[in-house]
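Contents: one structure, followed by commentary.
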Amino acid sequence: MSTEEKKNYIYNVIYRLSICILPLIVTPYVARVLGAEQVGLYSFSSTVACYFIMLGKLGLDNYGNRSIAACRENVEKRSRVFWGIYSMQVITSLLSILVFLLLIRIVFQEDRRVYWMQLIYVVSVLFDVSWFFYGMEKFRLTMIRSLISRALIILLVFTFVHSDQDLWVYTCVMSVSFLFEQVQLLPFLRKQVKRVPLKKKDIVRHIAPNMKLFLPLLALSIYNWMDKIMLGVITKSTAVVAFYVYAENIINLPKGILSALDTVMLPRISNLAAKHRIEEGIQKMRNSIRFNSFISCALCFGIAGIAPNFIPWFFGPEYTPAVLLTMELAMVMIPMSIVNVVQTQYLIPFQKEVVYIKAVFLGALTNVIFNLAFIPLYGASGAVIGTFGAELVVCIFQLYHIREIYDFCKFIKMLLPFFICGILEFAVTYFLGCLPLNILLLLVIQILAGGAVYLTGCAVYVIGISREYRNIKEILKNLKL
């Protein structure tokens, strides 16, 4: 990994952490003040709003990123590409906002005030040009604006949210802060793009390739967001949705760390693909799979081990049902991390959209079938089964279709030692949780002991067992991203 890539990775990790750490600061307060029912209502309404944001942007997060990365050295070309894509975004965003307005008046009458506040969240899609700055690899800028808006959320929540009657206030704070986060980037566009005369074809030519990436995004949303909607509709309990969402919030912190590398490498590998440096791009993907496998196994089993003590202490006794859900959802991180690497560092940069689309639609279908089958039987745990099943199916499908550049047997051989070390980490962490100690001290001991066991196990394998790592030079070489 080059120096620039390392800097971008660090910036993006900070950005992802700012997104994920926010719940760790605000959530314990919100969970106790609003209660499970109100938290569930917010989560349900927010998920609905996310669908309309997705419809407003279509596939721009990936398509816009890739398109700008391919022409970022040419200011004339990138300006034309930007204005063409953004013009399309304005049209689709206005249509999405209009439909959401109609639903507020027709469907969401019971909790209309909350959905009016979510409208601000949907409107923010009009001003979201983050895809341009990702394509330009301006990760420091996106990190700074995220830190500002996250700090604003923390300040406003503790200032204005004081009881379970303040759900609409909390929703307003979150929506306005997100809108402010998008608007912050607009002034920086002036130095990056210039005004160019646009023709109809400059806009229309982006529709078809963008839709190719929107279709898998739509399918991805089914097993990223639809589980919460189906859970709320089938169980008719917003509290159950809250338990599931808070379990997801715990998992989202390490997921942010894992996805940070993917976000950094997408524009870099897209640029390499545009320059026909194919093997270099593929090698970066292989290294990322190894790195993400090492991290995901450590985080997966570590979180599962501390969940029985952490959840009741962090969220409050009311959220004890989220313990089992957190332990179950932790397992999703392993196939999810591999899926993200393959799709963002190979399928999208090298324009393998057909495989990408087939994979995510297969995952979406698996998720819906499993949700319909298991949510009525097991409630929120049934939604976990659907999510894990979808990620596993997509992972296997994608690895099968890239077998010519990444052998499946070699992948299993690479992953297995990390998985075994993770099981040892879980065993130590889980049984230490039974010690009669102060809860905060106990959590620290669990984390340190589990981390030590995992790293020691990996070191024993790397140095003493694997032929791939027989000497120090080889160790350093393979630990590099």
Side-chain angles (χ1 to χ4, degrees), residues 13-14 16-36 39 43 150 153-154 157-158 239 242-260 292 294-334 336-337 380-381 384 388 418-459:
V13 166
I14 296 173
R16 297 288 175 176
L17 285 176
S18 72
I19 295 174
C20 300
I21 288 176
L22 171 67
L24 298 182
I25 298 174
V26 173
T27 297
Y29 175 77
V30 172
R32 290 164 171 81
V33 169
L34 295 182
V39 168
S43 300
R150 272 26 179 192
I153 289 175
I154 294 169
V157 166
F158 284 111
F243 300 145
Y244 184 81
V245 167
Y246 274 3
E248 265 196 336
N249 284 347
I250 298 300
I251 304 304
N252 282 340
L253 177 59
K255 280 174 67 175
I257 297 172
L258 293 169
S259 62
N292 274 19
F294 168 75
I295 298 295
S296 64
C297 287
L299 295 172
C300 162
F301 291 103
I303 288 174
I306 68 170
N309 289 321
F310 179 78
I311 298 298
W313 168 76
F314 188 72
F315 295 120
E318 183 183 5
Y319 295 89
T320 300
V323 170
L324 179 60
L325 298 176
T326 303
M327 297 175 73
E328 293 169 342
L329 276 171
M331 293 302 301
V332 176
M333 283 192 288
I334 297 175
M336 176 274 301
S337 67
S381 290
V384 175
F388 180 77
F418 300 140
F419 193 86
I420 294 172
C421 292
I423 293 174
L424 294 175
E425 176 191 16
F426 171 77
V428 170
T429 306
Y430 185 81
F431 287 111
L432 280 176
C434 300
L435 295 175
L437 298 174
N438 171 273
I439 185 64
L440 191 56
L441 175 62
L442 182 57
L443 286 170
V444 171
I445 291 173
Q446 285 180 281
I447 292 170
L448 293 177
V453 168
Y454 183 79
L455 292 175
T456 301
C458 290

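Just so you know, these numbers come straight off a predicted model, no measurement behind them. Below, each value reflects all heavy atoms present in this structure, side chains not excepted, and no hydrogens, waters or symmetry copies.
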>> Using side chain to side chain contact (heavy atoms under 4.5 Å, CB included), reason through V39 and V245 one step at a time and then give a plain yes or no.
In response: CA-CA 9 Å; V39 168; V245 167; 5.7 Å; no
>> T320 vs I311, test: side chain to side chain contact (heavy atoms under 4.5 Å, CB included). Steps then yes/no.
In response: CA-CA 7 Å; T320 300; I311 298 298; over 6 Å; no
> Can you list the steps and then say if V332 with I251 is a side chain to side chain contact (heavy atoms under 4.5 Å, CB included)?
Replying inline: CA-CA 9 Å; V332 176; I251 304 304; 5.9 Å; no
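Interatomic distance, CD of E425 versus CD1 of I420, reported as 14.0 Å (0.5 Å rounding). Of the inter-residue distances, the one linking N438 atom CG with W313 atom CH2 reads 9.5 Å to the nearest 0.5 angstrom. A distance of 7.0 Å separates CZ in F419 from SG in C300, rounded to the nearest 0.5 Å. Here the CD1-OG1 distance, from I445 to T429, works out to 12.0 Å after rounding to the nearest 0.5 Å.
F315 and F310 have perpendicular rings, their planes meeting at more than 60° on a 0 to 90° scale where under 30° would count as parallel. Ring pair F294/F418 is perpendicular by interplanar angle, where above 60° counts as perpendicular and below 30° as parallel. Ring pair Y319/F243 is perpendicular by interplanar angle, where above 60° counts as perpendicular and below 30° as parallel.
The environment of OH in Y29 is crowded: more than 12 heavy-atom neighbours from other residues, nucleotides or ligands sit within 6.0 Å. At most 12 non-hydrogen atoms from other residues, nucleotides or ligands lie less than 6.0 angstrom from OH of Y430.
Between G422 and F301 the shortest heavy-atom distance is O-CB, 3.0 Å. Between A307 and V323 the shortest heavy-atom distance is O-CG2, 3.9 Å. What you find for L442 and G433 is that their closest heavy atoms are CD2-O, 3.5 Å. Between F388 and M331 the shortest heavy-atom distance is CE1-O, 3.6 Å. Of all the heavy atoms in L432 and Q446, the pair that sits closest is CB-CG, 4.1 Å. Across every non-hydrogen atom of N292 and S337, the tightest pair is ND2-O, 3.8 Å.
Counting heavy atoms from C-beta outward, Y246 and T326 have side chains that stay 4.5 Å or more apart.
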